[in-house]
S.K.: 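The structure under discussion is supplied below as structure tokens; questions concerning it will follow.
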Amino acid sequence: MTDTAASAMDGMYRHQRYIYDLTRRYYLLGRDQLIEEINPPVAGAVLEIGCGTARNLLRAADLYPAVQFYGLDVSEEMLKTARAAIERSPARDIISVAQADATTFSPAELFGVRKFDRIFISYALSMIPPWEAVIDRAVSQLAPRGELHIVDFGTMQSMHALPRKAMRAWLTRFSVTPRHDLETVTRETAKRHGRTAAFNQGRYDYSALARIGAKHA
């Protein structure tokens with residue numbers, strides 16, 4: 001990703017960040033399911049790529065208070081909201097966020113962390129053009145027994161044609177492109193890194209969940 005991409009995201013979210021969580025709660029479904037399933041080890045390190053307003057980080061910190069959480073986002077505008085929300089939270093001492101490119105980030109430079117026990121990405125890949133590179137970078141920053149969890153828009157094939165068309169038109173307005181080959185890329189990336197892979201449709205018609213697990217023994 002480039003400075004141009006970061007500027008574009010800042011432009012999009014400069015005002016939207018104030019109402020983002022309120023409006024997205026109706027269709028960014030499956031996020032809480034993902035958080036419930038990451039199950040990080042005690043005293044582990046967990047990263048969210050594309051953390052936005054920190055909504056997911058705060059929810060995860062509430063579920064797993066014995067874990068250290070980190071978040072990165074390319075949009076400094078979104079991180080303004082994230083930092084304010086974290087500062088108001090009882091979990092402020094276990095959450096850190098930073099501005100970074102998801103395709104090239106360094107855990108050591110950003111947070112002083114060597115590797116992560118869990119990384120999760122929630123509805124961000126559908127907004128990042130080099131999304132395959134993001135998955136590959138994330139996997140490369142996992143501890144040997146670490147896991148990458150993803151939730152995003154799936155194929156929507158189970159939806160009736162009219163609502164599917166309406167949903168895709170709505171998403172296009174926000175520069176969102178469902179990644180129809182998410183399963184293929186997930187499995188290929190896992191194989192390339194010598195890791196396990198799992199993929200399934202979420203509890204909702206258009207969500208999909210992917211997981212890249214521990215390295216093969």
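The figures here come from the full heavy-atom set of this structure, side chains too, leaving out hydrogens, waters and symmetry mates.
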S.K.: To the nearest 0.5 Å, what is the distance between CG on D32 and CD on E37?
M.R.: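 Taking CG in D32 and CD in E37, the distance rounds to 11.0 Å.
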S.K.: Is the side chain of R195 donor-acceptor paired with the backbone N or O of G213 at a distance under 3.5 Å, no angle test?
M.R.: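 Flag set: sc R195 to bb G213 pair under 3.5 Å.
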S.K.: Going from CZ on F116 to CD on Q68, what distance comes out if it is rounded to the nearest 0.5 angstrom?
M.R.: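 Those atoms lie 10.5 Å apart.
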S.K.: Would you sort out whether T103 and D101 count as a side chain to side chain donor-acceptor pair (under 3.5 Å), showing the intermediate values?
M.R.: CA-CA 5 Å; T103 65; D101 184 332; 2.7 Å; yes
S.K.: Show, in sequence, the C-alpha distance, side-chain angles and deciding distance for R192 and D136, and conclude whether the side-chain contact (heavy atoms from CB on, under 4.5 Å) test is met.
M.R.: CA-CA 9 Å; R192 188 164 59 250; D136 192 76; 2.9 Å; yes
S.K.: With sequence neighbours excluded, tell me which residues meet side chain to side chain contact (heavy atoms under 4.5 Å, CB included) with A61.
M.R.: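 For A61 the side chain to side chain contact (heavy atoms under 4.5 Å, CB included) partners, ignoring immediate neighbours, are F69, A91, I94, I95.
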S.K.: Under the criterion salt bridge (charged side-chain N to carboxylate O under 4.0 Å, His left out), I'd like the reasoning laid out for K80 against E77: C-alpha separation, chi angles, the key distance, then a yes or no.
M.R.: CA-CA 5 Å; K80 290 177 182 178; E77 289 296 325; 3.1 Å; yes
S.K.: May I have the step-by-step check of side-chain contact (heavy atoms from CB on, under 4.5 Å) for V42 and V67, ending in yes or no?
M.R.: CA-CA 6 Å; V42 174; V67 172; over 6 Å; no
S.K.: Check step by step if salt bridge (charged side-chain N to carboxylate O under 4.0 Å, His left out) holds for R59 and E48.
M.R.: CA-CA 12 Å; R59 186 170 291 266; E48 180 179 15; over 6 Å; no
S.K.: Can you give me the closest heavy-atom contact between D117 and G44, atom names plus distance?
M.R.: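 Closest heavy-atom pair between D117 and G44: OD2-CA, 3.2 Å.
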S.K.: Counting only N and O atoms by type, is there a donor-acceptor contact under 3.5 Å from the side chain of Y64 to the main-chain atoms of E36?
M.R.: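 Yes, Y64 side chain to E36 backbone: donor-acceptor pair under 3.5 Å.
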S.K.: Grab the two heavy atoms, one from I49 and one from A124, that are nearest each other, plus how far apart they are.
M.R.: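 The answer is O-CB, 4.1 Å.
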